[in-house]
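Report on one structure; see the data block that follows.
A note on names: the letters A, B, ... follow the listed sequences, proteins ahead of strands, and every chain is numbered from 1.
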Number of protein chains: 2
Amino acid sequence: MQESMTITDGFSGPQVCALVGITYRQLDYWARTGLLVPTIAVAKGSGSKRRYSYHDVLELKVIKNLLDAGVSLQRARQAVECLRANLGADLAAASLILSGSDSVLATSNGEIVDLLAGGQGVFNVVPMAGVVSELEEGIVAIRTESADVVPARRIARSA
Amino acid sequence: MQESMTITDGFSGPQVCALVGITYRQLDYWARTGLLVPTIAVAKGSGSKRRYSYHDVLELKVIKNLLDAGVSLQRARQAVECLRANLGADLAAASLILSGSDSVLATSNGEIVDLLAGGQGVFNVVPMAGVVSELEEGIVAIRTESADVVPARRIARSA
DNA sequence: CCCTGAGATCACGCCGGCGTAACTACCGCG
DNA sequence: CGCGGTAGTTACGCCGGCGTGATCTCAGGG
């Protein structure tokens, strides 16, 4: 998926909103307050376009899931930092765990159990497999929609 | 601990604040908005006294821990409901898990792992052992303080 | 009875998060 | 160039949660 995407690709603001299931207002607010700033291209004024990477979108999806679980944006900030510190990890096989001011990407059930057993306070656990698969489905869907539009034009050109 | 407490005992508002680590304003707001209404005695106007049971205080401690983990009051409401539905459970050996609109008191690591594996979305996990032990320590402490005051009077009386 | 301490209540306002509508600017096409 | 579509920006206000200070009421003691 990522391999087929070049650096000039990425996702527009509205695309991201559709993929992640959030309002444009939310996305804008998060960009403005520095929670999640697009890594490919920031906004340069009215009429310009932000550009988000695959990893940006994944992070946003995690934020959304945390919000749905009643977790605050402040706390979600911690999750984003952890994910950005683990850019190369195999996320689909991991669970992101927030505990106090620590954050861990646990890669086995044993690791999770150990963390929970050693804990005081509440843990927020984000199984990443679901996040990744859901996002990939969404990306396939919008790429398919875009492809539907483009080939029609190309057919017209060759005829 | 609970056995030594009769129905007329319980904890005052300010005692609860000290035990749980919250402000009076918070406690008052939660009582007024119905998040956690004291079960022994509600407020009956200015100058009256609320009275909280041990289980009330335990629930409040869970709420506080959830807040500290960035979880919203709305979500904490779910935790309270689950705990109230399990009044007789051995809480010290369980973990409270919030998942979507479901809540479970898991009593084994295997159960926790199964829940996490079957999940979409984010889990809030509250290991109850820490909550219970911390609360019991706190209760011992305030009972000790109260006892310090009372015996001194009794010594004076026998001398 | 009066006073004091304790607990509850009231009132105002702050802050975060974001809904909603209107406005601005950019880009591409004819 | 003009126009329309699209995306970003601005502005106002709502709501939840609660800090802070002032006020009210109850209960007990002198």
Side-chain angles (χ1 to χ4, degrees), chain A residues 8 10-38 40-52 56-57 60 63-78 80 142 145-146 149-150 152-153 156-157, chain B residues 8 10-38 40-52 56-57 60 63-64 66-78 80 142 145-146 149-150 153:
Chain A
T8 56
F11 304 93
S12 68
Q15 278 179 321
V16 170
C17 293
L19 282 173
V20 177
I22 58 178
T23 64
Y24 189 86
R25 182 79 180 86
Q26 283 177 300
L27 188 67
D28 190 43
Y29 180 78
W30 299 347
R32 289 172 182 286
T33 50
L35 173 61
L36 202 132
V37 179
I40 300 183
V42 297
K44 295 180 192 112
S46 235
S48 67
K49 296 171 192 289
R50 293 184 176 108
R51 210 81 197 154
Y52 293 83
D56 290 341
V57 182
L60 285 163
I63 294 172
K64 175 59 160 61
N65 282 359
L66 284 166
L67 286 192
D68 287 345
V71 179
S72 67
L73 280 187
Q74 254 311 83
R75 185 80 161 164
R77 193 174 293 267
Q78 193 176 326
V80 173
I142 69 167
E145 286 171 25
S146 305
V149 175
V150 176
R153 289 187 185 171
R157 188 182 280 182
Chain B
T8 56
F11 304 93
S12 69
Q15 277 180 322
V16 169
C17 293
L19 282 173
V20 178
I22 58 178
T23 65
Y24 189 85
R25 181 80 180 85
Q26 284 177 302
L27 188 66
D28 191 41
Y29 180 79
W30 300 348
R32 291 174 179 284
T33 49
L35 174 60
L36 202 132
V37 181
I40 299 183
V42 296
K44 295 179 192 115
S46 235
S48 66
K49 294 170 195 289
R50 294 184 175 107
R51 211 78 197 159
Y52 293 83
D56 291 340
V57 182
L60 285 162
I63 293 171
K64 175 59 160 60
L66 285 167
L67 285 193
D68 288 345
V71 178
S72 66
L73 279 187
Q74 255 309 80
R75 184 80 162 164
R77 193 173 293 268
Q78 192 177 327
V80 173
I142 68 167
E145 286 172 22
S146 304
V149 176
V150 177
R153 289 188 187 171

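- Residue B/L27 is out of contact with every strand shown, counting any heavy-atom pair closer than 4.0 Å.
- Phosphate proximity of D/dG17 to B/R77: absent, as no side-chain N or O sits under 4.0 Å from OP1 or OP2.
- For A/R75 and C/dG16, the shortest distance from a side-chain N or O to OP1 or OP2 is not below 4.0 Å.
- The salt bridge (Lys or Arg N to Asp or Glu O under 4.0 Å) check on B/R25 picks up nothing, with sequence neighbours excluded.
- A/T33 comes within 4.0 angstrom of nothing in the nucleic acid, heavy atoms only.
- Residue whose closest nucleotide on DNA chain D sits further toward the 5' end, between A/R25 and A/S48: A/S48.
- Between the CZ atom of B/R50 and the C1' atom of C/dG7 there is a distance of 9 Å, rounded to whole Å.
- Comparing A/Q74 and A/K49 by the nucleotide of DNA chain C whose heavy atom lies nearest to each, the residue mapping closer to the 5' end is A/Q74.
- Here the P atom of nucleotide D/dC18 and the NZ atom of B/K64 are 11 Å apart, to the nearest Å.
- Atom NZ of A/K64 is separated from atom CG of A/L19 by 12.5 Å, given to the nearest 0.5 angstrom.
- Close to D/dC18, at under 4.0 Å from its OP1 or OP2, lies a side-chain N or O of B/W30.
- Atom CZ of A/R50 sits about 14.0 Å away from atom CD1 of A/I40, to the nearest 0.5 Å.
- Here D/dC26 presents its P atom at 18 Å from CZ of B/R51, a figure rounded to the nearest Å.
- Using a 4.5 Å cut-off on side-chain heavy atoms (C-beta onward), A/V71 and A/N65 make no contact.
- In this structure, B/L35 reaches neither bases nor backbone, as no heavy-atom distance under 4.0 Å exists between it and the strands shown.
- Going from atom CD of A/Q15 over to atom P of D/dG5 covers 19 Å, rounded to whole Å.
- Side-chain contact between B/L73 and B/W30: present, with at least one pair of heavy atoms (C-beta onward) separated by less than 4.5 Å.
- In this structure, of D/dA7, D/dT10, D/dG16, it is D/dG16 that holds the atom nearest to the side chain of B/Y29.
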Which dot-bracket string describes DNA chain D (Watson-Crick N1-N3 plus N6-O4 or O6-N4, or G-U N1-O2 and O6-N3, all under 3.5 Å; [ ] crossing; | other strand)?
||||||||||||||||||||||||||||||
Decide side-chain contact (heavy atoms from CB on, under 4.5 Å) for A/L67 and A/Q26; before the verdict, give the C-alpha distance in whole Å, the side-chain angles of both, and the deciding distance to 0.1 Å.
CA-CA 11 Å; A/L67 286 192; A/Q26 283 177 300; 4.0 Å; yes
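- In this view, A/K49 satisfies the salt bridge (Lys or Arg N to Asp or Glu O under 4.0 Å) rule with no residue, not counting sequence neighbours.
- Rounded to whole angstrom, the span from the CG atom of A/D28 across to the P atom of C/dT20 amounts to 15 Å.
- Nucleotide D/dG17 holds its P atom 14 Å from the CG atom of B/L36, rounded to whole Å.
- Residue side chain A/S46 reaches the base of C/dT24 through a donor-acceptor N/O pair under 3.5 Å, judged by distance alone.
- One finds the CD1 atom of B/I63 at 5.0 Å from the CG atom of B/L36 (value rounded to the nearest 0.5 Å).
- At the heavy-atom level, A/S72 lies nowhere under 4.0 Å from the strands shown.
- Between B/L73 atom CG and C/dG16 atom P the separation is 17 Å, expressed in whole Å.
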